[in-house]
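Remarks on the structure that follows.
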2 protein chains.
Amino acid sequence: MTTASAGNLPGLKATRPWLSANLDAADRNALARACGDIRTVSAGTDLLRQDAPTNALHILLDGWAARYKIMEDGSRFIPALAVPGDICDLDALRFGQLDYGVTMLSAGTVAVLPRQRADALFATNPAIADAFWSLALAENSILTEWAASMGRRSASQRVAHLLCELLVRLVIVGKAGGHSYDLPLTQEQIADALGLTSVHVNRTLHSLRSMNLVTVQHRRATIHDWAALSALCGFRLSYLHLETVDDEFAPELPPSGARSRHRVTQASGPTLRPSSTSALSAL
Amino acid sequence: MTTASAGNLPGLKATRPWLSANLDAADRNALARACGDIRTVSAGTDLLRQDAPTNALHILLDGWAARYKIMEDGSRFIPALAVPGDICDLDALRFGQLDYGVTMLSAGTVAVLPRQRADALFATNPAIADAFWSLALAENSILTEWAASMGRRSASQRVAHLLCELLVRLVIVGKAGGHSYDLPLTQEQIADALGLTSVHVNRTLHSLRSMNLVTVQHRRATIHDWAALSALCGFRLSYLHLETVDDEFAPELPPSGARSRHRVTQASGPTLRPSSTSALSAL
DNA sequence: CGCCAGATTGACACGGCTCAAGCGGTGTGG
DNA sequence: CCACACCGCTTGAGCCGTGTCAATCTGGCG
């Protein structure tokens, strides 16, 4: 569709994930001390089984994890992906049984934080409670965006949007090099995250490639034209609620009174100033 | 599809929404006092505009509200519906600008809770902070289920699932009479909440009607066969995290190693013991 | 009685799914 | 070091669930 300069990425100042973004050294230490063990796990390991009882949170320190849901007809759906710094199963903070499972998509390391210790931390370190609140609400916002994708975007837009989101999230935690990053998902897993079929994801990926927008192969994604790719899917940074994004990227106000499923305008191709810093490695 | 007895509804003991479910009189009073004004609003009123700055939460006391998102192509998407007892814009607890708007679907009343007062309350009344946490995580779970619907369920299953969810949520706050309830959404709004088209929602509704599962007309939904309707869409109570549901309705463990998009079994038709109690009317 | 938003209906197009075959890389056992 | 197996990627053909477009109908309401 849109052509465009091989634009740079959105100008992010943030260098840490939501959870630790606003914590000082003391609080980060307290959080680290509260964690039980640190587990090194291999790809395919289930951190949590769907509908099984649980009483601890899993904070992903390295690698990728996915929440998954086996639907009533046996199909699988992936409602969320976790990258370093994310919490795999935040709901365990209040609920003893979750209706999704968590599995590792790559090898990695995970910190286990017992629910009771988390509550204790909240009581003594308000800043930590704050950090968890921000994380929970940001997650909420991402879920909303994913739902919107499945409900109102085409296959190629969904794929493009996911790739854009992941680039930004990975840049923030220092896991993206330039415009590319390791993407350990199979096409089938991408399909499960987007409500598509692996066959169609394959075709869509080829289509995006042929437009010189992005290449995904050998478990690595390389974005060739950020401006065009983000314009194609209407990607806007605002929903990620990164507190330290440059003003120039403040979201534009969309047309106010729109009807269901219709035309429109717009295009945004912010420029990015990559930054880095290991995730919760300090933990 | 499935025939079945005009089953009763799931056996719920809960009589209050998440927010006030575990608050004692003192805390409820504190919450009420913290709220600024109570606004009486008419249908169509916008409580919050998409991408506009905000610094207060809107607690819905009566009526229906919807979060909406205008997509880049001008189409509309509704990521959440609020019924009495729900918070329309929980994200405002931490973020000063939300990428969704909130509009009233019916006339109603809303309590406005300034963000700062909410934070103050959390510091002094741990039980209230707890209540908000539960609400946030439950909302998260509902969003996940909606995303799963859009990603992996057919049109009729989506419609059925939404109608099931709403019945349960309304029973809990005493707004459902027997197996029916007022549903102030137009078919177009239902379509926007399900990622469908109003034309297709219309056809789907007629189809469900012809199967004697449910009737939706004149802004009222009447479920004729709960057992069959919930079986059709694989509705399970667990994702709503109602703490006081009878054990007999504990979710069944789904088959463990499923592939993307395939066969399966299952059917659940719990029996419901309606209960009532006005939402946050005490506020 | 006239208007209008919302509900209906029909005809038709198309995006994405299904089914099925074939290919390629990689790990493993002989 | 080769042969096989297996998993994930590709590709083709055809189908079908939903969307699109366009009337027409209906119930409320002024």
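So that the names make sense, note that chain A is the first sequence line, chain B the second, and so on, each numbered from 1.
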Among [options], which nucleotide sits nearest the side chain of [X]?
| X | options | result |
| --- | --- | --- |
| A/Arg203 | D/dG19, D/dA13, C/dG10 | D/dA13 |
| A/Val199 | C/dG16, D/dC9, C/dA20 | C/dA20 |
| A/His200 | C/dC17, C/dT8, D/dT20 | C/dC17 |

Round to the nearest Å and state the distance from [X] atom [atom1] to [N] atom [atom2].
| X | N | atom1 | atom2 | result |
| --- | --- | --- | --- | --- |
| A/His206 | D/dG12 | NE2 | C1' | 14 Å |
| B/Asn202 | C/dT9 | CG | C1' | 8 Å |
| B/Met150 | C/dG16 | CE | C1' | 15 Å |
| B/Arg209 | C/dA7 | CZ | C1' | 15 Å |
| A/Gln187 | C/dC23 | CD | P | 18 Å |
| A/Arg153 | C/dG15 | CZ | C1' | 17 Å |
| B/Leu205 | C/dG6 | CG | C1' | 13 Å |
| A/Gln189 | D/dG8 | CD | C1' | 10 Å |

May I ask you to decide whether B/Asp192 forms a salt bridge with B/Lys69, counting only side-chain N to carboxylate O separations under 4.0 Å?
->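 B/Lys69 and B/Asp192: not salt-bridged.
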
Look at B/Glu72 together with A/Arg152 and state whether they make a salt bridge at an N to O cut-off of under 4.0 Å.
->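 The answer is no: the pair does not qualify as a salt bridge.
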
Is any side-chain nitrogen or oxygen of [X] closer than 4.0 Å to OP1 or OP2 of [N]?
| X | N | value |
| --- | --- | --- |
| B/Gln217 | D/dG27 | no |
| B/Arg219 | C/dA7 | yes |
| A/Thr204 | C/dG16 | no |

Using a cut-off of 4.0 Å on non-hydrogen atoms, how would the nucleic acid contact of B/Ser198 be classed: base, sugar-phosphate, or nothing?
->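 No contact.
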
Would A/Tyr68 and A/Gln189 satisfy side chain to side chain donor-acceptor pair (under 3.5 Å), going step by step from the backbone distance to the final call?
-> CA-CA 10 Å; A/Tyr68 66 86; A/Gln189 290 165 335; over 6 Å; no

Is the distance between the ring centroids of B/Phe235 and B/Trp226 under 6.0 Å?
->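 Judged by ring-centre distance (under 6.0 Å), B/Phe235 and B/Trp226 do meet the cut-off.
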
Spacing of NE2 belonging to B/His161 relative to CG belonging to B/Leu232, to within rounding of 0.5 Å =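 Nearest 0.5 Å value for the NE2-CG distance: 10.5 Å.
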
